Protein chains: 2
Amino acid sequence: MAQPKKAASIWDVARLAGVSHQTVSRVVNGSPRVAAATRDKVLEAIAELGYRPNRLARSLAGGAAESVTVLTADTSLYGPEAALRGIEKAARALDWSVQISVLDPADTHSDADIIARLPRAGEPTIIMAHDEPGMRAKQVLLDQQPHAMVAIGPYTAEELAASPWLVGMDDGKAAAEATRYLLDLGHTTVHHLAIPTSTGTFGGGKAHRAEGWARVLRDAGRPVPEPVPSGWTIAEAFKAVQPLVADPEVTAILCGNDHLALATLRAAHLAGRSVPGDLSIVGFDNTPFSAYTTPALTTVNQDFESVGRGAFELLRHRVDGSIPRPVPGWPEPELIVRETSGPPSS
Amino acid sequence: MAQPKKAASIWDVARLAGVSHQTVSRVVNGSPRVAAATRDKVLEAIAELGYRPNRLARSLAGGAAESVTVLTADTSLYGPEAALRGIEKAARALDWSVQISVLDPADTHSDADIIARLPRAGEPTIIMAHDEPGMRAKQVLLDQQPHAMVAIGPYTAEELAASPWLVGMDDGKAAAEATRYLLDLGHTTVHHLAIPTSTGTFGGGKAHRAEGWARVLRDAGRPVPEPVPSGWTIAEAFKAVQPLVADPEVTAILCGNDHLALATLRAAHLAGRSVPGDLSIVGFDNTPFSAYTTPALTTVNQDFESVGRGAFELLRHRVDGSIPRPVPGWPEPELIVRETSGPPSS
DNA sequence: CCGCCCGTTGTGAACGTTCACCAATCTGCG
DNA sequence: CGCAGATTGGTGAACGTTCACAACGGGCGG
């Protein structure tokens, strides 16, 4: 076995089993309208030749897609990486193949560039990119193949209910919870080190982290400090957060994700401010390392892997109406209090 | 534009341009044997219809593959994740598509399972999995399609030279360098918190981290303590390393990667041992967070992204002989001394 | 002025599968 | 014993592309 010969096709199996190619196709696809005896013959031939159906030909001939393309902004971020993992797992369980395509802002200027990135028209696609090219890609897909796309992102329950192609969690609510927690601890206000958003440094939907944070402060009648914009990398965050940690008035910082929180922790340490004594720091995402920093990060747990799985299920439903619409089921974001948060020093 | 109509095919373009489908094919593939006037007509038709070649049909018809499958163990590990990023970037630049397939030990028992995981026979594949199913997958591929596969892993320069389908770095050498550094600092010996390997807790090739570590100790005539096996997760590492940090005799620990090092750092902190005063800790990989822990991790930098790019280039060369064999070009692993290492307290 | 060759274009057959239909063979019932 | 209806199987045409080869036209050498 295992010659470098050409792979067996459906015709080879048919010849060996003494049936037509169509019968083989039926057996392979588990059609009920084939006699048991015939099925056995075919199965035997399949085993003998080591036949495996050719995905390409299958899709070409208009069969089921059995393939997803994941359009993502950056696989080095924890969120997308975890969601991708969830998608891949779910896809693998059903024997779908997963394509990945990174939407680099550097070479994604026009809609044409985005269209060119799509492997083929109608290819089922999950998009998780909240930056500018990502939003544009979403729009393009929505125009071209709304039935074969799903977008992952931070959305409120209402937004999710309104758009059947959306999947995600309400980051705003989670950020609000974290902010309220810090306020309850006795902090006068909470500062925010923000991740980049699609529309600049601030804003986006109501479900964005910065929005939830600002909402709580406003509702509580507290001053709403200007959020400090950071890039995605820890190095950028470290630089951006300097003025914040240097300011003794600042007693609590809500960070856009755990990487930014780590940078903040480090910056605070170097600035000689004790955490949580002088300064409380709260992260976002519950990235695996966050339980093991010193002190351990207080953060908001997010089950991105489940969201990824949910996105895949929804996509399947949309692309093939016969599958029941999945009920979005994953844990709500949840604040995990560890060691970087506490009451202000007085 | 952007109707949900069916995508234009090569025939549609041909009809509109008033030429044959083959001529369109020639234009699309940049064949030189097409008159300029004809080419323009075709190009115009292409633009008007928004035609994009169908990858599936192209591969089916025996054209160039333009597609790689990455077989990996776990995308949540920094190494594979970074290498995948490198592969994806290189592939995207050439407009290849990237498929990803995770080799889960849980559902990869027999060779048949592995074969089933390959999208189609002859599909160019890069494999980066050093665990048991990974090794088996490598063997299967080597038997079936040696010309269309490349494996990434820790290999010595000799191993790399001997096997034209191998790509990687000599982790053993890097580990040796780190160990020697600790010895030079004055430590009597160095302990090792080891990542899982293909063959159990220890061993594998000469280029494995644990091998390089042990070699240096032996050569220096130092006691070679039993390496402490850890799983891949930080939680597992944290548990596994407890006896090590509790033992006052232990003054230096080389960790199999930065995640294990972070766990060790945390464990040492909780055990009341100061770092680097009582205990030196050295990590591996220079994971992005490692410069921002407190104290900052001394570690070994690895340019996995470049390795990934190199693997892709090699694969291209192997699958299409006309491309020049790439010279493996990426930075050697390099020790980065930060704050977690120092002389023993004595 | 004829034939040859080159540059250019067209024709037909793959590739491996599914889909829509049609044909043959059984079953059971009147 | 015949016939409707179910059950099972086969046939041919798609899908969108490339490959191998044949055909057309014009320029050039003899």
Side-chain angles (χ1 to χ4, degrees), chain A residues 5-43 45-46 49-67 95 97 118-123 319-320 322, chain B residues 5-43 45-46 49-67 95 97 118-123 320:
Chain A
K5 295 303 304 165
K6 270 186 14 147
S9 85
I10 206 171
W11 286 99
D12 302 321
V13 175
R15 197 174 325 114
L16 183 62
V19 299
S20 80
H21 67 124
Q22 179 59 295
T23 300
V24 176
S25 174
R26 276 189 272 257
V27 170
V28 169
N29 293 291
S31 156
R33 4 216 79 220
V34 43
T38 317
R39 182 191 316 277
D40 288 348
K41 262 193 310 186
V42 171
L43 251 23
I46 286 179
L49 293 172
Y51 164 78
R52 294 191 309 124
N54 182 323
R55 266 219 155 78
L56 268 47
R58 186 173 278 184
S59 308
L60 220 213
E66 307 229 319
S67 147
D95 221 50
S97 74
L118 300 180
R120 71 188 177 100
E123 164 80 2
V319 91
D320 170 2
S322 69
Chain B
K5 293 305 303 167
K6 269 185 18 147
S9 85
I10 207 171
W11 286 99
D12 301 321
V13 176
R15 197 173 325 116
L16 183 62
V19 298
S20 80
H21 67 121
Q22 179 60 288
T23 300
V24 176
S25 174
R26 275 190 272 258
V27 170
V28 169
N29 293 291
S31 158
R33 6 214 76 220
V34 171
T38 317
R39 182 191 315 278
D40 289 348
K41 261 194 311 185
V42 171
L43 253 22
I46 287 180
L49 294 172
Y51 165 77
R52 293 191 310 125
N54 181 324
R55 267 217 155 81
L56 267 45
R58 184 173 279 182
S59 308
L60 221 212
E66 307 230 320
S67 146
D95 221 49
S97 74
L118 300 180
R120 70 190 178 101
E123 164 80 2
D320 170 2

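Small disclaimer: the values here were computed from a predicted structure and weren't measured. Quick note on labels: first sequence line is chain A, next is B, and so on, each numbered from 1.
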**Request:** Among C:dT9, C:dG16, D:dT18, find the nucleotide with the atom closest to the side chain of B:Thr23.
**Result:** C:dT9
**Request:** Send over the distance from A:Leu56 CG to C:dA14 P, rounded to a whole Å.
**Result:** 20 Å
**Asked** When you measure from the side chain of B:Ser59 to the backbone N and O of B:Arg55, does any donor-acceptor pair fall under 3.5 Å?
**Response** yes
**Asked** Do A:Val28 and A:Ile46 have side-chain heavy atoms sitting under 4.5 Å apart?
**Response** yes
**Fill in**
Rounded to whole Å, the CZ-C1' distance (B:Arg52 to D:dT17) equals 15 Å
**Request:** Ignoring the backbone of B:Leu60, work out which of C:dC15, D:dT17, D:dG9 is nearest its side chain.
**Result:** C:dC15
**Request:** Consider the side chain of B:His21, meaning its heavy atoms from C-beta on, and name the nucleotide among D:dT8, C:dA13, C:dT17 that approaches it most closely.
**Result:** C:dA13
**Message:** Less than 4.5 Å apart, side chain to side chain, heavy atoms only: is that true for A:Ile10 and A:Ser25?
**Reply:** yes
**Prompt:** Of B:Ser25 and A:Arg39, whose nearest nucleotide on DNA chain D comes first from the 5' end?
**Reply:** A:Arg39
**Request:** Nearest-nucleotide wise, let me know which of A:Arg26 and B:Val19 is further upstream toward the 5' end of DNA chain C.
**Result:** B:Val19
**Asked** Say you draw a straight line from CG of B:Leu60 to CZ of A:Arg58; how long is it, rounded to the nearest 0.5 Å?
**Response** 12.5 Å
**Item:** Rounded distance in Å - CZ (B:Arg33) to P (D:dA23)
**Value:** 18 Å
**Request:** Specify the residue among A:Val34 and B:Asn29 whose closest nucleotide of DNA chain D lies further upstream toward the 5′ end.
**Result:** A:Val34
**Message:** If I take atom CG in residue A:Asp12 and atom P in nucleotide C:dG16, what distance separates them, rounded to the nearest angstrom?
**Reply:** 8 Å
**Fill in**
Between the OG1 atom in A:Thr23 and the NZ atom in A:Lys41, the distance rounded to the nearest 0.5 Å is 9.0 Å
**Prompt:** Which part of the nucleic acid, if any, lies within contact of A:Ser20, taking any heavy atom under 4.0 Å across all strands shown: a base, the sugar-phosphate backbone alone, or nothing?
**Reply:** base
**Residue B:Gln22, side-chain atoms from C-beta onward, closest of D:dC19, D:dG9, D:dC15** = D:dC19
**Request:** With heavy atoms under 4.0 Å as the rule, sort A:Ser59 into base, sugar-phosphate or nothing.
**Result:** nothing
**B:Asn54 CG to C:dG16 C1', straight-line distance once rounded to whole Å** = 14 Å
